[in-house]
Amino acid sequence: MKLFLDTGNVKEIEQLAAIGIIDGVTTNPSLMAKETGDYRKTMKEICRIVQGPVSAEVIATEFEGMIREGRDLATIDEHIVVKVPFTRDGVRACKTLSGEGLKVNVTLVFSAAQALLAAKVGATFVSPFVGRLDDVGQDGMQLIQEIVEIYRNYPFHTEVLVASTRHPIHIVQAAKMGADICTCPAKVIDQLFKHPLTDIGLTNFLKDHEKAQAARV
Ligand code: G3P
């Protein structure tokens, strides 16, 4: 399963990409609003670091505007994936932009029916938001199970990009279900690394090593 970083912060991306575990980046208008500096330059820099798919979301809400913006975003870098919201105009824009050979991520997906439509219009990625479903008392991961099952029944090429992940259990469950990608905030990636027994084990190994060294002198 691929891991994407859900952020527009170049420093966070640099640090985690250096480890070698980041396959792509997703951004959205809320994440980009936290960043200073020129939008296009930041996106270009993210693409240079990641060398994988980088989602850049359109702001337009009607079809013509989405097409204009999507085509323009795609000129920033070959790694740019145009992100469109799941609306009628967004789905139509996905069909057009995908038909032109651009990569499209259909976002704000909250039902299996929406994911089916996104696949039908050739989305490269579909982004179901699991955390936000959990927040309203629905089982977000149940939706992933349904989408994976539906996509397996047909020769769709759309990849399931699990978004709005909040903790490592989301990531592990997604991997067990066979989702293609999880996008995570840096905080969740940090949590993936952590286990108290690893820390205690390492401390003890090093202590024992020091004791043995001291006994030898
Ligand atoms: O990229 C969109 C998505 O991951 C948002 O997550 O935590 O704002 O629901 P969140």
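All ligand and atom numbering here is 1-based and tracks the order in the structure. FYI, the numbering just counts along the sequence from 1.
Ligand 1 lies under 4.0 Å from heavy atoms of D6, N28, K83, F129, R132, A163, S164, R166.
Salt-bridge check for D72 with R40: passed, with a basic side-chain N closer than 4.0 Å to an acidic carboxylate O. Between E149 and R152, no side-chain nitrogen of the basic residue sits less than 4.0 Å from a carboxylate oxygen of the acidic one, so the salt-bridge criterion is not met.
The closest donor-acceptor contact from the side chain of D89 to the backbone of F63 lies under 3.5 Å.
Checked options T165, T27, T26; the residue passing with T183 is T26 (criterion: side-chain hydrogen bond (donor to acceptor under 3.5 Å, both in side chains)). Residue V130 forms a side-chain contact (heavy atoms from CB on, under 4.5 Å) with just one option from H170, Q173, Q138, and that option is H170.
Side chains of D139 and Q145 form no contact here, defined as non-hydrogen atoms less than 4.5 Å apart.
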